[in-house]
Number of protein chains: 2
Amino acid sequence: MGVFSKTCEYAIRSVFFIAHRTTSGSRVGIKEIANGIDSPEHFLAKILQDLSRRGIVQSVKGPNGGFYIDEIGLKRPLSDVVEAVDGKSIFTGCGLGLAYCSETNPCPLHHEFKAIRNQLKNLLEQTTIADFSESLNLGITKLRK
Amino acid sequence: MGVFSKTCEYAIRSVFFIAHRTTSGSRVGIKEIANGIDSPEHFLAKILQDLSRRGIVQSVKGPNGGFYIDEIGLKRPLSDVVEAVDGKSIFTGCGLGLAYCSETNPCPLHHEFKAIRNQLKNLLEQTTIADFSESLNLGITKLRK
DNA sequence: TTAATAAAAGATGAATAACTCTTTTATTTT
DNA sequence: AAAATAAAAGAGTTATTCATCTTTTATTAA
């Protein structure tokens, strides 16, 4: 079991891929994205439809159509993508699944978990999609299996 | 989606509960545990059967029977419980679900994730079941909703 | 304005995780 | 030895996540 759901993993990978592949005006098709990040095509289509509805990515139909990310989108933190797919419980939920765990009624792992979760939160909030796209341009990191 | 699976959450909570409720020689029944940690009884029974087979907890059948944790078990790190249920991929797997992500072929989040995951690993490896049981004795932390 | 392209939308299917119920086996007490 | 107790084991069911397939709608180019 990963930190993110499978759906969210595909979402993040596809967003990185789109940001990396498209420059102003250009778009990339679902087939190419699915192949590029090694994900099931039709499943990814569903995910991108959703991200499109939420304004995280943009799309146009028809010939030369496909997905791209606008200027505003590139400056968005990665946390926006994660929240859109998995919700924000990942940043706030109790590590032991206790609904009423809180500062005043903490579970045995509350304080320790809080520190770790905050680190994850900061990482995802402080790094934009564009930041990662740059590191991909440098060839340091890869997206495919 | 939490850090741990639901199964693992119940496992951790039940282990804390058993450690807290039992002193040398005494045992606690499945009904009482399920009620104490707010979990489905029969589902928890399955989980504890498994933990028992793996030696994480001990059990005896019949009247005055139930579950307990022996001296060795109390000194076990919490990571043993997590590993028994969710496996160790939680400590090592790629955050983006890439099978071949590694130090030499890192995904865009590899290094950042490594730091966070190591913190989680350290927390679970360095704290024993007994440690948590103590904090429960002090009434600082709670297990039920 | 017709044909081709590519995403959107809808419906369905498979796999896994979560949960329930019933029967069996071991242990203890009477 | 018999009855009661409590976990072990086995066989389901339900819900959720993951994935596929088909049809529709929007856009472009010939």
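- One atom, CD of B:Gln49, and another, C1' of D:dA11, lie 13 Å apart when rounded to the nearest Å.
- Residue A:Lys6 contributes atom NZ, which lies 11 Å from atom P of D:dT20 at whole-angstrom precision.
- Residues A:Tyr68 and A:Phe17 fall into different hydrophobic clusters, defined by Ile, Leu, Val, Met, Phe, Trp and Tyr side chains chained together at heavy-atom separations under 4.5 Å.
- The phosphate of D:dA19 (OP1 or OP2) has a side-chain N or O of A:Tyr10 nearer than 4.0 angstrom.
- Between the CG atom of A:Leu44 and the P atom of D:dT20 there is a distance of 11 Å, given to the nearest Å.
- One finds no side-chain N or O of A:Ser59 lying less than 4.0 angstrom from the OP1 or OP2 phosphate oxygen of C:dA6.
- A:Phe67 places its CZ atom 6 Å from the C1' atom of C:dA7, with the value rounded to the nearest Å.
- When all heavy atoms are compared, the tightest approach of B:Pro108 to B:Leu96 is CD-CD1, 3.9 Å.
- Checked by atom type and distance alone, the side chain of A:Ser133 never pairs as donor or acceptor with a backbone atom of A:Ile129 at under 3.5 Å.
- When rounded to the nearest whole Å, the span between CZ of A:Phe43 and P of C:dG10 equals 18 Å.
- Cluster annotation: A:Leu48 and A:Val60 are assigned to distinct hydrophobic clusters (Ile/Leu/Val/Met/Phe/Trp/Tyr, side-chain heavy-atom contacts under 4.5 Å, transitive).
- Nucleotide D:dA7 holds its C1' atom 18 Å from the CD1 atom of B:Ile56, rounded to whole Å.
- Under 3.5 Å, the side chains of B:Asn105 and B:Ser102 contain no donor-acceptor pair of N or O atoms.
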**Item:** Contact pattern, 5' to 3', of nucleotides 24-30 of chain D - B, S or - by protein heavy atom under 4.0 Å
**Value:** -BBBBS-

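- Under a 4.0 Å N-O distance rule, the pair A:Arg54/A:Asp50 qualifies as a salt bridge.
- Ring geometry for A:Phe4 against B:Phe113 counts as perpendicular: the plane angle is over 60°, on a 0 to 90° scale with 30° as the lower cut.
- Among the atoms of the strands shown, base atoms are found under 4.0 Å from some heavy atom of B:Lys46.
- Residue A:Ile47 contributes atom CD1, which lies 15 Å from atom P of C:dA7 at whole-angstrom precision.
- Between A:Arg53 and B:His42, it is A:Arg53 whose nearest contact on DNA chain C lies nearer the 5' terminus.
- Of the side-chain N and O atoms in B:Ser52, none sit less than 4.0 angstrom from OP1 or OP2 of D:dA7.
- Side-chain N/O atoms of A:Thr7 include none lying less than 4.0 angstrom from OP1 or OP2 on D:dT17.
- Rounded to an integer number of Å, the gap from A:Leu48 CG to C:dA9 C1' is 15 Å.
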